[in-house]
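Convention: sequence-line order gives letters A, B, ...; per-chain numbering from 1. Everything numeric here is computed off the predicted structure, so don't read it as measured data.
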2 protein chains.
Amino acid sequence: MVIDINLSNPEAIHHPAGQGPIPQPSLNRMSQYHHYLMELQDQGIDRVSCSRIGADLNLVPVQVRKDLQYTGIIGKPKTGYVVAELILAIESFLGWNNVNEAFLVGAGNLGTALLGHERFTKFGLQIVAAFDSDPSKIGQWVHGKAVLPLDKLADLAQRMSIHLGIITTPAEAAQTVADEMIRGGIQAIWNFAPARLKVPTHVIVHSEDLYSSLASLSWKLAQRFHVPIQQEGGTPDGVDANCG
Amino acid sequence: MVIDINLSNPEAIHHPAGQGPIPQPSLNRMSQYHHYLMELQDQGIDRVSCSRIGADLNLVPVQVRKDLQYTGIIGKPKTGYVVAELILAIESFLGWNNVNEAFLVGAGNLGTALLGHERFTKFGLQIVAAFDSDPSKIGQWVHGKAVLPLDKLADLAQRMSIHLGIITTPAEAAQTVADEMIRGGIQAIWNFAPARLKVPTHVIVHSEDLYSSLASLSWKLAQRFHVPIQQEGGTPDGVDANCG
DNA sequence: ATAGATTCGATCTATGGTTATCGATATAAA
DNA sequence: TTTATATCGATAACCATAGATCGAATCTAT
Ligand SMILES: NC(=O)c1ccc[n+]([C@@H]2O[C@H](COP(=O)([O-])OP(=O)(O)OC[C@H]3O[C@@H](n4cnc5c(N)ncnc54)[C@H](O)[C@@H]3O)[C@@H](O)[C@H]2O)c1
Ligand SMILES: NC(=O)c1ccc[n+]([C@@H]2O[C@H](COP(=O)([O-])OP(=O)(O)OC[C@H]3O[C@@H](n4cnc5c(N)ncnc54)[C@H](O)[C@@H]3O)[C@@H](O)[C@H]2O)c1
């Protein structure tokens, strides 16, 4: 999910050159393009067209073209784009060529998984420390990162100029943690707890709602089994097969 | 990101009573409503209006009303909805009152986190077994679930009538795993690997693309720091604060 | 009992994102 | 060199979703 979307404030999202806003869905597709292009590069393919990308990613070519235009890349008729250039364009567009140092709070199941995910560094995300409130976890090391007491967060974030916070605590604690992060000057929060965070407008919050995805999935699955009668001229199962 | 959306096929999504399609964004919001209503119930509140919900969830009341109508719930003017009824309506709508038994493949970092998440059972998801290809993991128990060899999956899925598969393997293995799941008659796949799965049209795939979220987040963060000049009458930072 | 306030449900409009179309341009083949 | 074809980039049409409005229903307070 993601889905997601659901901009409570439909304020335009502007991209660096100021050449107009970028739709959130386009932004979400960027990492797909990036991943796909990396595969192409591994295969030694150095040029690619929107039609090719679209065919492989199940998108109409014109949508691919529009999305890529936001990165500022310029393609050549008949040839398409240079894969290497395109990858760089996307990485630069997303800011993946700079490192974002982050603090993670909640060294539990999910937090541990994220802490152990080295691949994040390839995408500019460097989790530098973990925080928890559980005395038995404080002082331990998880995947090479120290678990510190939560009350050290704000001060450290400020001193280390950390701008990104990741919340993997239970929902009940999420707001407290977010407040603490903001107190430390953190600008953006990646929230995995199913909670609506109240934050000042200048703070970016991106909530990863797994339950929302689960809802979507189980609804579709329920459709599949409980309404086999429904047949009104459309597809046998009126449910789209691929979304995310 | 949640997200998403990105229906490659804009085929209508129909809901049980066949009273028209439900927008994917509405579906995604359902779990938010559910979570919020549970909180209300904990606080002993038994009635709620769309205005109230909207105020608390940062949505306009009319959108809340529309979303809730999809569940078939019927409200009373002046009073609003009965919280308990509404919760049941949403759960029944999403199929959360039935149990979805699932197989998980890839008992690594993320897989372990999911296996250990008991709360899923509250939402109808019961992960009954894990699978892996790593001989050192096979035969072990993770959070009380056996880790079995992948080649047992198809047969077991069929015999146990498992309809849901969860993929938490590296991207390279995802397609193989998906194929195996489909061979076992699995109808829906919750995919956490950053890979586009090719599946028959009758199989539902929901990809949880964390990199996509990360992209969105890091783009917004990059905006924040690299374009402080941009000031064209709108908000100081033209980036929306809350999305998911 | 009646007046007033509030909210639901339905219809209509606006916005934003997706998709189709068209001209321009670069490559490849004749 | 010329011609055919594929692809880009821009514009325009289209469609889904979000948001506004309005009448009808219900509750509360006088
Ligand atoms: N694990 C999953 O698969 C999964 C799936 C979906 C959603 N989530 C959500 O992710 C979050 C974390 O899930 P989890 O399974 O890792 O839970 P967990 O219980 O394993 O870990 C939570 C951690 O947060 C710490 N914590 C609690 N209160 C804190 C506070 N006030 N300050 C700092 N740390 C605090 C706990 O000590 C613990 O280490 C939850 O909100 C959960 O709903 C998890
Ligand atoms: N851990 C995270 O925080 C995180 C974040 C974003 C995305 N992801 C994605 O989730 C997936 C899993 O991540 P992870 O960190 O748990 O990786 P991991 O390496 O810890 O675990 C992967 C597991 O899959 C198993 N596996 C490999 N090939 C297999 C096959 N063919 N059949 C069955 N099992 C196989 C491995 O033995 C291992 O146990 C990856 O695709 C990763 O990109 C993970």
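Between the C1' atom of C:dT7 and the CD1 atom of B:Ile74 lies a distance of 13 Å, rounded to the nearest Å. In this structure, CD of A:Gln63 is placed 17 Å from C1' of D:dT11, rounded to the nearest angstrom. One atom, CD of B:Gln69, and another, C1' of C:dT11, lie 12 Å apart when rounded to the nearest Å. Between B:Leu68 atom CG and C:dA10 atom P there is a gap of 13 Å when expressed in whole angstrom units. One can place CZ of B:Arg52 at 18 Å from C1' of C:dC8, the figure rounded to the nearest angstrom. In this structure, A:Gln24 atom CD and D:dA16 atom C1' are separated by 17 Å, rounded to whole Å.
In summary, B:Asp179 and B:Arg183 do not engage in a salt bridge, as defined by a charged side-chain N under 4.0 Å from a carboxylate O. Between A:Arg47 and A:Glu85 there is no salt bridge, since no side-chain N of the basic residue sits under 4.0 Å from a carboxylate O of the acidic one.
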If you apply the rule side chain to side chain contact (heavy atoms under 4.5 Å, CB included), what do you find for B:Leu197 with B:Ile189, and how did you get there? CA-CA 10 Å; B:Leu197 302 178; B:Ile189 295 175; 4.1 Å; yes
With B for base contact, S for sugar-phosphate-only contact and - for none (protein heavy atoms under 4.0 Å), nucleotides 21-30 of chain C reads ----BBB---
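Of the two residues near DNA chain C, B:Tyr81 and A:Asp67, the one whose nearest nucleotide lies more 5' is B:Tyr81.
Ring to ring, B:His34 and B:Phe123 are close: their centroids are under 6.0 angstrom apart.
With hydrogens and angles left out, the side chain of B:Lys66 and the base of D:dG19 share a donor-acceptor pair within 3.5 Å.
In this structure, B:Phe120 and B:His117 have perpendicular ring planes: the angle between them is above 60°, well past the 30° mark.
Within the 4.0 Å cut-off from OP1 or OP2 of C:dG17, not a single side-chain nitrogen or oxygen of A:Arg29 is found.
No donor-acceptor contact under 3.5 angstrom links the side chains of B:Thr121 and B:Gln126, judged on distance only.
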